Amino acid sequence: MTTTTTTTASEILLHTTTFISEIVAQPDLRHSLYSTLRQKIPVSDKITHKPLNLAAETLENAISTTNPSIQSSSLRLAKKILLLHPQNPFSSFLLSLIHHLCNQPLDASHCLLRLYSLDPSLARSEISPVLFEDLFLVHLLPVLQWHNEQKSSILKSLSMKLGYDSDEIAVVVRGTKSLSKMSGNQASGLKELERNYLEVLDENCRVLANYFKDVLEASEDQNAFISPPLVVIETVKDGDVLYHNYEDEQMKSDQLGMQNGRYNPIWAEGEASIEFYTGTSESKSPPFYPQRVSLRTAKIQNSGKLTTTATTTDFNSDSEVESWLDENLANYSSSESDAETEPQNTIMALFEPRQSRNHKLKQPIFAESSRSPEHIMADTDNPPGSVKQTPPKDFVCPITSNVFDDPVTLETGQTYERKAIQEWIDRGNSTCPITRQKLHSIQLPKTNYVLKRLIASWQEQNPGSLLCQYENPQLESELKSKTTIPSTSPNSVISQATIDGTITELRLAITNLCMSEILKESEMAVLQIERFWQEANTELDIQTMLSKPPVINGFVEILFNSVDTRVLEATVFLLSELGSRDRSVIQTLTRVESDVECIVALFKKGLLEAVVLLYILRPSTITLVEMDMMESLLTVIKQEEEDLHQMCLKPKAASVFLLGQIIRTSEESIASSVASTIVSSKVFDSIIGSLVADLTEERIAAVGILLRCMQEDGKCRNTIADKAELAPVMESFPAASDGERFEIVCFLSELAKLNRRTFNEQVLHIIKDEGTFSTMHTLLVYLQTANQDQCPVVAGLLLQLDLLGEPRKMSIYREEAIDILIACLRNSEFPAAQIAAAETIKSLQGRFTATGKSLTRAILLKHAGIGKIYTNLTRMEQIINNSGEIEDNSDEERAAVHWERKMAFVLVSHDFGLLFEALAEGLGSRDAELFSACFESATWLIYMLSLLPDTGILGAARACLLKRLISILRSAKDTEDRVLSLLALNSFMRDPEGLHAITPHMKDIMKGLRELRKSCPLAFEMLKILSEGHDTTTDFWNHKELVQVDSIGNGEVMSIVCFRDRIFSGHSDGTIKVWTGRGSILHLVQEVREHTKAVTSLAVLQSGDKLFSGSLDKTARVWSIGNESMHCVQVHDMKDQIQNLAVSNSMLCFIPQGAGVKVHSWNGGTKLLNSNKYVKCMALVQGKVYCGCHDNSIQEIDLATGTLGTIQSGYRKLLGKVHSVHALQVHNGLVYSASSAIDGAIVKIWSASNYGMVGSLSTTHEVRTMAVSSELVYLGCKGGIVEIWDQKKQTKIETLQTGTSGKVKSMDLDENEEILVIGTSDGRIQAWGLS
């Protein structure tokens, strides 16, 4: 006969599609199922493992990516891999996910149903128990009824032995009492029944799976009808099967819902209690399936008396408990018999869906119990279908025969328990115990973390298997303290009896917790519930009892009122255990805001275990910040784990998770503050320990925290690099999400930014070599699917790892990494990726500060002769790292130079300088950050080309970047940028072709060189080289008149001074004018006339905020020029006419009308020096006054000592004519004097140190004023002529005609020595500039 229940194709598709959709949406669950399926494949079968793992990894890439093309190609690749190998449960499961993602629901359902054909036990108990319950179970009612009857038959004699009539209600007794009175035949009969039952379930699953597939195939034909299959009811020894007539048993199955169930309003809100009893003559055994009571039925139960009794009765013995149960059961039975008048209220909803589908995925209802009957009976057999799984042989030490605790893999490939193999070696052995191969080293390697985590995963899924391994009571006790995965298997009457027996005690404790008004009783109830949870099997129905809102509220009341630390710890422990298993508990706790606030308050007061519960509650980031738990979280992280309560999650892990959440998702300022607090408290030392945690999620969270700490305070990266174990971090990479993978890559990249090159390379070697997976291959695969803005960092790390050895001619890793960097740099649609690529290229130079900042710019400026920045940074590094040790930096410098040359070579050689094209495009960007990073990278690579062997790439770089660099030199406002452009241009000039290429731009280059020659030694050297390379320097020092104004109305221009963007002129009528130059016009911005006579001289202090003027009206005035307008702030009465003046910070020197030089101190004192000479002109330099006298002598007066030295002796008057020194200048240790040509030289050059003459300028004109620059000497002469002489060659370059016959009375240069301003005796002011 066939079953009367039929299933449509739409129902099958609904259930299978729902299941697969939830698997795709939950990565943690998906990875757990991967692990379960992998364990079913023999570890030794590497041929099968490799393609399946590759297919799983490719599928994960397809699920995680947001790019449709990448997803489609990944799915096709994974499908192709799976179809090339034989079918097995793992491949079928993967194919179902692939078909689902490809929108092929029929194929996905076929592949999923194939699991029930290949391995039905695995499918229904571990992979898809929800699908089994929703789709298969409805067809298996005859099997369940048969199983129930068989158990009743076996246990009938046991009931008689215990003294109960078959017609009486069986009172629940403790499982231990039943076991003590059970005979050996009964026990073996139950075991045989369980084995047969599992085999029948397996066979029916296969039959039904084929039936469902036939239904799906026939769904396109509307007229087709597939009859339900016969139900296999019993297997026979010869392999045949017996089938069951469902129609004959239909009435029996209808009566299942009429069996009595005890109801108590404390824990039964809309559901029946989880305790059940038999009360009919047809079935004298407990029901085979957990029963529920409808809400209407529950309401009509007479529960008042039962509740009262439970609340007020104290029980002193088991007999009293049983007596109380008899009374209440009788009341309940009579109440229920009245309710049977309404059939709809008495038939149970046998297959009522559970509260949470996600919970069902993890809690199989028909799975084998984690504590199987065989284990309870202490039977060591392991029959087919039993859940007591034998550990895989690869998980067992060949020496101890126990599951590994600390596995180590020797060089021979064999794995042993660390203590066992260490003892083997300590006995003097130096060979592998199995292979007998000689060990090259007897020092044991690190723990095999991959194997250890596989074992941990297996132990979590098979907790019952652990108890039979150990005979050590201490180990067994430790294992019992671990909570096990709940099971709802209806298979074993013995396990059901055990649960029923202990539930009485639990129910009384729950009653006291919820109903008692005495705090002490409620506290004792919490401790009893905790003890029960830890010692007993926490079956799903027991969890359901504790998860009800009244019970949870009872726990919360304890948190509010109790002050007993032990009780509070137990309460938090239970709430955490329940919340981690049932989402409804979290909803109950978070429904009232004060409940969460209470938990937070307890945590902040020192109940550190509460952090686990807070994490399970999953508060938002804003809530976490408002809770202000930072100090408490750091306290937990620093706490020793053994000092804390054993929880479902380690408190330290929960704290790390919460800290990671705050840092990842809060505002920048908050994340920065948190990271600073972590660094200052030194707690990141403890967080480093989380990098080797068992939980992948904890390791990833620790990575995020440490990464932010390094970004906030880079100095901590040395500590992290020194203490962190990177192998577990690398092993976390495949299981991480895209965002987490990028965090790991950034973390590793930051660790490789130490201020020592040798340390950086050690870190890179660890990253490359440690871990089970190939780091290079892993990064390459990730690089191909990473987001655009993530690619540059990944490519940079991959390139560094590839270059740890000497560069090979070809490397797929190097080629791919550089291609990605160039592509990102040129992709203007993603500015963030462009900046990241440019910054990555710049950092590849390989030198960093102690805080991880790139030293590329400072190093380049040092090469250009501006080493002050680099020197200061180096000095700061020494101060920061001062540990009293003598450091030898020679090895570090050699390592840094070698790395720099190696990296530059592979970058510039890639595709014959293609990178320079991308950098040139970046230099055209308006984004300042992108421009700066591209500019520094280009300058570095061009500079390195001058040091590397010539391969013709310099020409490619010049073609791409020459005009860009000229533009920067000409127009950049930042002096350092102009210096860097000179450094790059200098590399081009070393090549004859390059020198020829820059010739059209020579004027721009020369202008830049002249402007930078004072601040940049490189500019000075380049200027020298370019000047010496030509026969005449006229082309380089050509001057052009810029502007001319006429001030004849104010008389002669007796003095003139240039300062910044203003020109100050002093006139013979006492006027001082302020000019500013704009284009080809001098604009008069201010005119003052406070002197009554001619202004003979003007001077500006180095500070630039004051102007000093001297006049023939015997006063010296001090003017404030810091603001836009000039005004007089002081007037000094000198009591003598001022012919010329010079000032310093402490004094004023001036030439009086009579003999000598007067020195006026700002505090009021005046003294006369060199009184026997009439001084014509003077200069004040570094505390010394140089005087040019009427008798043609030159003296040097030291103002500090008063000593006088003679540079040139005077001459007597010839025929009454005076040969005065008309002009005097001091520049770079040389004294320039201009007088009459007595000995043929108008201008003489003296050494200020030894007074010897070092040169002369043989002009034919009478010189009246003089100005000296770094390269040129300007002579202002009679007749309105200005001669320009080369300072080094002492040759005349150019003569300027002012267009007037008057004398050139005064002249000055601007601070860049680019503009010459002159004043004449006929009131004209002219400005000339280098063209």
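These numbers were taken from a predicted model, which means no experiment stands behind them. In this chain, numbering begins with 1 at the start of the sequence shown.
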Between [X] and [Y], a side-chain donor and acceptor under 3.5 Å:
| X | Y | value |
| --- | --- | --- |
| Gln71 | Thr65 | no |
| Gln661 | Tyr615 | no |
| Glu839 | Ser843 | no |

Please determine whether a side-chain nitrogen of the Lys or Arg among [X] and [Y] lies less than 4.0 Å from a carboxylate oxygen of the Asp or Glu.
| X | Y | value |
| --- | --- | --- |
| Lys650 | Glu698 | no |
| Glu731 | Arg699 | no |
| Glu668 | Arg708 | yes |

Examine distances only and state if a side-chain atom of [X] and a backbone atom of [Y] form a donor-acceptor pair shorter than 3.5 Å.
| X | Y | value |
| --- | --- | --- |
| Lys753 | Arg717 | no |
| Asn827 | Ala823 | no |
| Ser620 | Thr623 | yes |
| Asp582 | Ser584 | yes |
| Thr775 | Ile767 | yes |
| Ser932 | Glu929 | no |
| Ser562 | Leu559 | no |
| Gln845 | Arg847 | yes |
| Ser673 | Ser669 | no |
| Thr36 | Ser32 | yes |

What I'd like to find out is whether the side chain of [X] reaches to under 4.5 Å of the side chain of [Y], using heavy atoms alone.
| X | Y | answer |
| --- | --- | --- |
| Glu816 | Gln784 | yes |
| Lys768 | Met776 | yes |
| Asn53 | Tyr34 | no |

Next on the checklist: The test is side-chain contact (heavy atoms from CB on, under 4.5 Å); show your working for Asn61 and Ile70 and say whether it passes.
Outcome noted: CA-CA 9 Å; Asn61 288 337; Ile70 294 177; over 6 Å; no
Next on the checklist: Glu609 vs Phe573, test: side-chain contact (heavy atoms from CB on, under 4.5 Å). Steps then yes/no.
Outcome noted: CA-CA 8 Å; Glu609 290 81 0; Phe573 165 76; over 6 Å; no
Next on the checklist: One pair to check against side-chain contact (heavy atoms from CB on, under 4.5 Å): Glu697 and Asp28. What are the steps and the verdict?
Outcome noted: CA-CA 10 Å; Glu697 294 81 359; Asp28 292 340; 3.9 Å; yes
Looking at every non-hydrogen atom in both residues, tell me the closest pair between [X] and [Y] and how far apart they are.
| X | Y | answer |
| --- | --- | --- |
| Phe560 | Ser594 | CZ-O, 3.5 Å |
| Leu614 | Phe603 | CD1-CD2, 3.8 Å |
| Cys791 | Cys824 | CB-SG, 3.9 Å |
| Ser74 | Thr58 | O-CG2, 3.2 Å |
| Ile20 | Leu97 | CG2-CD2, 3.7 Å |
| Leu825 | Gln834 | O-NE2, 3.0 Å |

When rounded to the nearest 0.5 angstrom, what distance separates [atom1] in [X] from [atom2] in [Y]?
| X | Y | atom1 | atom2 | result |
| --- | --- | --- | --- | --- |
| Ile678 | Asp685 | CD1 | CG | 12.0 Å |
| Ile670 | Met630 | CD1 | CE | 11.5 Å |
| Ile127 | Phe19 | CD1 | CZ | 7.5 Å |

Next on the checklist: Quick check on side-chain contact (heavy atoms from CB on, under 4.5 Å): which of Ile663, Val683, Val674, Ile688 does Ile705 satisfy it with?
Outcome noted: Ile663
Checklist entry - What residue pairs, at least two apart or across chains, pass side-chain hydrogen bond (donor to acceptor under 3.5 Å, both in side chains) with a residue in residues 817-826? => result Asp819-His910, Arg826-Glu921
Item to check | Worked check of side-chain contact (heavy atoms from CB on, under 4.5 Å) between Leu691 and Leu706 | outcome: CA-CA 10 Å; Leu691 295 178; Leu706 295 174; 3.9 Å; yes
Next on the checklist: Taking atom CD1 as the centre, does Ile622 end up with more than 12 heavy-atom neighbours from other residues, nucleotides or ligands that are less than 6.0 angstrom away?
Outcome noted: no
Checklist entry - Around Lys604, counting heavy atoms of other residues, nucleotides and ligands shown, do more than 12 lie under 6.0 Å from its NZ? => result yes
Checklist entry - Under the salt bridge (charged side-chain N to carboxylate O under 4.0 Å, His left out) test, which residues partner Glu740, sequence neighbours left out? => result none
